[in-house]
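Here it is, the structure, as structure tokens.
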Amino acid sequence: MRPFGYERAESAVAAARRAADTGATFIGGGTNLVDLMKLGVMTPERLVDVSRLPNRDIADADDGGLAIGAAATNTALANDPRVRERFRVLSLALLSGATPQIRNKATVGGNLLQRTRCPYFYEVGLPCNKRAPGSGCGARFGRSRDAAVLGTSEHCIAAHPSDMAVAMVALDARLGVRGGDGDLRWLDVDALHRLPGDRPDREHDLAPGDLIETVRLPPPPPGRHVYTKVRDRASYAFALVSVAVVLAVEDGVVTSARVALGGVAPKPWRARAVEAALTGARATWRAFCAAAEAELAPARGHGDNDFKIPLARRAIAGTLAEAAGIAPEVPTGGRRATP
Amino acid sequence: MSDTPQTTPREGGRAAIGDAVPRVDGPKKVTGRAPYTADHRLDEAPLIGWIVPSRAGRARVDAVDTARALDVPGVVAVLTHRNAPKQAPRGTPSDAGRFSQSHALLAAPEVACYGEPVALVLAETLEAAREAAGLVEVALTPLPGRYAVTGDEPDEALEVPDDVDGGMPADMSHGDFDLAWEKAEVRVDATYETLAEHASAMEPHATLATWDGEELVVRVAIQIVGSAVEALANTLRLDKEKVRVISPFIGGGFGSKLGIHDDAVLASLGAIATDRPVRVVQTRRDLFSSAPHRGCSTQRVRLGASRDGRLLAVAHESVMPMARGYEFAEPCAASARASYACDGILTRHRVVRADLPRIDSMRGPGEAVGSLAFESAVDELARALERDPVAFRLANVAETEPISGKPFASFDLRRCLEVGAERYGWSRRAERGRRDGRWLLGHGVASATRPNFLMEAKARVRLEDDGRAVAELDMTDIGTGSYTILSQIVADTLELPLDRVEVRLGDSRYPQTAGSGGSFGAASAGGALLSACRRLRGQLRAGGGREAEGHIEPGEDFEKYAQYMTGAHFVEVGVDEVTSEVRVRRAVGAFSFGRVLNPTTARSQLYGGMVFGIGGALTEGLHLDERVGAYMNRDLAGYHLPTERDVPALEVVMIGERDDRCGLLGSKGVGELGLCGLGAAIANAVYDACGARVRRFPLTPDAVMAARAAW
Amino acid sequence: MSDRAPKTTLVVNGRARELSLDPRTTLLDALRDHLDLPGTHKGCDHGQCGACTVLIGGERVLSCLALAVMHDGDEITTVEGLAARAGAGDAPEALGALQAAFVAHDAFQCGFCTSGQLCSATALLAELARGDLSVVTPDDDTVRVTGDEIRERMAGNLCRCGAYPNLVAAIAEVAGQGEEGAS
């Protein structure tokens with residue numbers, strides 16, 4: 001870890017100004033940043049500690065939505081009764097991620113900006129265009145099991161690892177960003193992350209000094225909330241594929257569908273093709289499978305991660321079925337009676 | 001929920017061999033007062049050593065520029081091949097065992113595998129050492145290497161190893177397999193693959209070395225003290241008497257701490273080079289290169305039976321990588337050689353030399369991956385015969401060792417299957433239903449066998465003037481419970497309360513044992529200590545000396561009888577019908593391993609083995625970048641050890657009895673038995689649940705999904 | 001420029017300790033190397049194993065991912081501070097309820113992860129008592145002391161020895177006692 005200057009911010013405005021002036025990096029929970037600094041993957045010269053800023057409250061907003069201070073911990077957000085009642089998919093996503101120890105530290109703002117878990121990003125010395133622009137993508141012709149299948153480029157196939165952000169995207173969250181000039185501007189969460197294109201090192205459009213200060217959830221969409229996370233072990237693992245769904249069905253017809261995916265794309269992926277296919281459609285297993293198929297149509301695997309395409313299809317259909325309260329119609333193969 | 005341990009307090013705090021005594025080192029461990037290697041404090045603060053690993057596979061080192069690293073405040077030195085103290089060539093002497101040979105590092109401008117150290121930074125603080133390590137500039141020219149081993153290699157790439165772990169021949173057969181295979185009416189011919197695995201003990205490999213110009217004192221996390229002394233002496237060209245190894249508490253080993261590793265050699269080199277104590281704690285990422293691992297395997301199993309369910313033919317052939325320059329071959333066919341009677345058996349082990357990090361013994365070498373394949377194939381055959389898989393196994397259990405025809409010392413496989421089936425409710429399993437919501441339910445069974453070893457060991461015991469007994473031996477406690485069972489042996493034999501017994505372990509100044517490994521630790525070290533205690537008891541009665549030594553070595557019963565532990569696993573799984581995720585819902589194991597020295601620690605060993613088996617079956621696999629020979633998921637977020645949530649209620653039944661052919665204590669080994677076969681029971685249950693025969697391990701969602709019907 | 005070694009006060013196991021630390025020093029390294037409290041162990045140093053779990057203000061966190069300077073003034077509890085009577089050594093009667101249950105149920109083998117398991121379980125008891133949610137909490141949001149709740153909530157503390165069944169038993173025993181005591 002290279003040496004860095006450390007200072008604690010007194011206010012969000014002061015933090016943003018200081019970071020804009022010095023190019024400092026914010027540290028909140030540090031659960032991702034300290035990990036990457038130890039490996040030399042991230043090498044900030046200066047840290048501005050925003051972990052003690054007062055923007056950690058969660059409050060009702062006038063429009064029936066919720067205002068969440070970006071310094072709130074994942075634990076606080078997941079357990080908030082209003083989140084639990086009205087934005088349940090967000091609580092489910094948060095509790096599916098990491099562990100209590102990490103959720104106690106990790107903040108909302110930090111979680112939105114967490115970096116990929118691509119093993120080439122982590123292994124300093126091997127090629128990675130995100131960590132060392134121009135060095136190449138190690139994963140594309142290497143081990144790609146964790147990599148994305150949607151929205152990738154020839155320069156980078158790394159997947160975004162967050163659970164929380166997937167739910168936030170499904171819920172149309174808006175981010176209040178404090179700029180170095182002291183102004184607060186608003187940004188759709190879906191517009192925060194960039195696709196890699198030819199600049200995978202640029203993951204978002206925030207300028208130095210831009211501090212995510214608050215997150216607004218608009219009034220919740222109608223329907224049942226379900227979060228599915230498919231992973232290699234039962235807990236404490238990043239998603240192979242995750243699906244956030246808020247689905248409303250009336251008289252057998254889908255009246256509102258919000259769907260977002262994790263683990264399959266360089267950013268939390270709003271599944272607009274699924275939503276378009278479903279709205280107004282009959283809530284049947286067949287319709288759910290067809291909608292999932294439409295979302296994954298442009299997907300491309302890289303060998304190891306080819307499985308994510310059928311897995312994502314199944315997970316989307318299964319999650320929609322759970323939300324709609326219908327049974328998946330899955331062939332059980334050569335299953336036999338007990339001899 | 002597990003059974004509450006049955007403690008049986010005896011009068012006056014005495015404890016006998018076989019009592020369920022709580023761990024004597026328990027209070028230390030729950031208060032943070034058990035000093036593991038990195039916790040040890042010296043009067044003089046040690047320098048911190050930080051390894052600079054190679055970021056290429058087989059390579060030539062063109063240059064190592066340490067100038068920027070040396071500029072970091074607090075950095076004292078940077079060792080490279082240019083300035084490191086001289087060592088004996090790696091792998092010498094050639095006639096020594098692999099745990100005793102030189103493990104020279106920074107000795108030449110070459111790199112044998114990805115991650116091999118190319119420099120060691122020595123600094124006053126951890127922060128300075130780590131920072132400087134990132135500033136060492138290494139220029140490497142990659143050399144051609146073989147990294148991937150797929151099992152499809154041409155014959156000329158396959159080698160017959162000199163032997164396989166446990167000292168057995170690579171090829172063994174009985175009868176005429178071809179004839180038996182020809183005669184068989186129902187056959188299974190299936191190939192199974194397992195990914196490479198990593199032991200990943202929770203304590204990273206660590207060493208604290210001090211050098212006074214003459215004697216090297218090395219505190220190191222190690223399973224076998226004696227060979228560590230030899231390896232360091234051989235590496236550094238020191239007299240064995242000038243090397244002292246100390247290892248009182250070890251945070252798990254699972255085979256990965258049988259021998260010394262980079263931390264021990266580099267800390268010693270650092271101490272010799274600087275005349276300061278040096279501490280090297282390997283990083284978790286580096287351990288995926290430098291701590292040995294289990295190689296990947298490709299295993300073909302052919303089984304043939306008569307239509308009426310008699311096993312006729314068994315063939316088990318494996319191909320695995322062997323790390324170049326490091327002789328170790330895993331005995332995948334061990335279970336095929338031990339479990340069932342048949343007319344013809346053929347077993348073959350082949351290796352492909354590869355430029356990979358060390359491949360070595362990891363908990364349950366042989367059976368851990370071998371029985372995954374073999375006991376899956378047995379299940380496939382039972383299904384093909386439309387027979388109950390328990391009944392099929394029972395009908396074919398070996399009566400004598402299948403390969404040699406030798407009588408068994410004791411072999412309880414039949415009883416394990418019967419007792420386990422009863423406890424699990426195997427015949428009533430249909431009552432549990434075939435589905436629980438989205439979870440498809442299935443049940444699986446597998447047999448477990450594991451060879452029993454006894455190794456030469458010595459121990460010393462003396463009665464102090466205050467009436468306390470002190471036992472000393474260089475045995476280690478890697479979590480197995482050595483301190484506890486050895487204390488019980490002393491207390492029982494010398495008729496003392498436990499709190500009047502002190503057992504001192506893990507110091508090369510104590511009498512030599514074979515340490516912890518191969519499940520032989522308790523019987524070997526314990527036997528030696530029992531012998532010492534009996535001798536001391538005799539001396540005291542005769543008014544003789546207050547100190548005695550004991551010695552044990554395998555006798556003729558290990559020649560005359562085939563020695564095995566046995567077990568049977570019964571497992572219920574759920575397979576998510578949508579996502580193909582697999583969860584173990586219940587597991588019952590019945591085990592026989594001779595006399596139980598302490599039911600509490602023995603049960604824990606079995607639980608631990610079963611958890612290891614769950615990992616091997618469901619979650620653990622290393623992903624190799626075949627271009628550079630690097631395992632890419634080289635941390636504990638990418639390499640998935642089972643978590644608490646992956647492990648359901650486990651039930652263990654111990655049915656063994658004292659077997660005096662197994663040594664003085666009448667006990668066999670238990671450290672690996674719980675693992676053997678469990679994974680196959682899981683795979684067999686997955687088949688029962690969803691009709692998918694998955695032959696690629698681990699059974700992660702992608703592997704299961706690929707084997708299921710498409711939709 | 002900010003200070004190269006800012007003064008940081010950590011209140012560890014009830015005692016205020018002032019340190020001048022390189023800002024890069026993690027809380028884990030501060031405890032181990034600067035405060036002579038090596039009972040908190042470094043298993044991975046990257047937030048992937050849970051061995052370094054300590055309590056900050058009573059809540060469990062991973063000390064390997066916490067920079068010590070960020071915890072100026074915070075109250076920290078380590079395994080060394082868990083015993084019922086601090087400083088009473090390791091005599092059985094001095095152990096806290098969880099520590100005693102760990103010994104009684106053989107909830108560890110090598111013991112390396114045990115400090116983290118204990119700190120984690122200590123916080124878990126408080127989380128259960130105040131009804132904090134987990135991903136396995138049923139739809140009615142009522143938290144009960146079940147094996148599944150304990151398993152999920154302890155999933156962040158890896159144990160390679162596989163003491164998991166005994167860990168669940170030990171924690172359930174203490175959690176159950178707590179409930180009875182409360183009712």
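Every value quoted in this text rests on a predicted model; they were computed, and no experiment measured them.
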Considering non-hydrogen atoms only, spot the tightest contact between B:R708 and A:P331 and give its length.
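Here B:R708 and A:P331 meet closest at NH2-O, 4.2 Å.
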
Report the distance from atom CZ of A:R314 to atom CD of B:E577, rounding to the nearest 0.5 Å.
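Here the rounded value is 11.0 Å.
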
Which of B:V582, B:D646, B:T700 touches chain A most, by non-hydrogen pairs under 4.5 Å
B:D646

Could you state the interatomic distance from OG1 (A:T228) to CD (B:E581), rounded to the nearest 0.5 Å?
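Spacing of OG1 (A:T228) from CD (B:E581) equals 9.0 Å.
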
Contact summary for A:G318 and B:V578, nearest pair of heavy atoms:
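Residues A:G318 and B:V578, closest heavy atoms: CA-CG1, 3.9 Å.
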
Mind checking the CZ-OG1 spacing from A:R231 to B:T619? Nearest 0.5 Å is all I need.
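Reported to 0.5 Å precision, the distance equals 13.0 Å.
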
Report the option among B:R693, B:E626, B:R634 that has the most heavy-atom pairs separated by less than 4.5 Å from atoms of chain A.
B:R634

Check for a donor-acceptor pair, side chain of A:R233 on one end and backbone N or O of B:T643 on the other, with a separation under 3.5 Å.
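Here the side-chain-to-backbone pair does not exist.
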
For chain A, find which of B:R438, B:R285, B:H623 contributes the most heavy-atom pairs closer than 4.5 angstrom.
B:R285

Atom group of A:E322 that falls short of 4.5 Å from chain B, counting heavy atoms
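Side chain of A:E322 only, per the 4.5 Å heavy-atom cut-off to chain B.
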
Working to the nearest 0.5 Å, report the span between CG of A:D35 and CG of B:D635.
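Reported value, rounded in 0.5 Å steps: 8.0 Å.
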
What heavy-atom pair brings A:A237 and B:H640 nearest, and what distance separates the two atoms?
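Heavy-atom minimum between the residues: CB-NE2, 4.0 Å.
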
Closest non-hydrogen atom pair, A:G142 against B:R627
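Scanning both residues completely, I find the closest heavy atoms to be CA-NH2, 3.3 Å.
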
Nearest 0.5 Å, what's the CE-CZ distance between B:M705 and A:F307?
7.0 Å

Using 0.5 Å steps for rounding, measure from the CG atom of A:L126 to the CG atom of B:D625.
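A:L126 CG to B:D625 CG: 7.0 Å, rounded to 0.5 Å.
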
So which residue, A:V124, A:L39, A:D146, ends up with the most heavy-atom pairs under 4.5 Å with chain B?
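Looking at each option in turn, the highest pair count goes to A:V124.
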
Within the 3.5 Å criterion, strictly below it, is a donor on A:Y236 or B:E644 matched to an acceptor on the partner's side chain?
no

Measure A:R145 against the heavy atoms of chain B and call it side chain, backbone, both or neither at under 4.5 Å.
side chain

With side-chain contact (heavy atoms from CB on, under 4.5 Å) as the criterion, how do B:R130 and A:M1 come out once you've worked through the C-alpha distance, each side chain's angles and the decisive distance to 0.1 Å?
CA-CA 6 Å; B:R130 180 172 54 200; A:M1 195 188 297; 3.7 Å; yes

Atom group of A:K38 that falls short of 4.5 Å from chain B, counting heavy atoms:
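Both the backbone and the side chain of A:K38 come within 4.5 Å of chain B.
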
CD of A:E45: more than 12 outside heavy atoms within 6.0 angstrom?
no

Shortest non-hydrogen contact from A:L311 toward B:T579
CD1-O, 3.6 Å

Test log, rule side-chain contact (heavy atoms from CB on, under 4.5 Å), inputs A:R2 and B:L135:
CA-CA 9 Å; A:R2 87 182 214 191; B:L135 298 174; over 6 Å; no

Does any heavy atom of chain B fall under 4.5 Å from the side chain of A:L240, the backbone, both, or neither of them?
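The side chain, not the backbone.
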
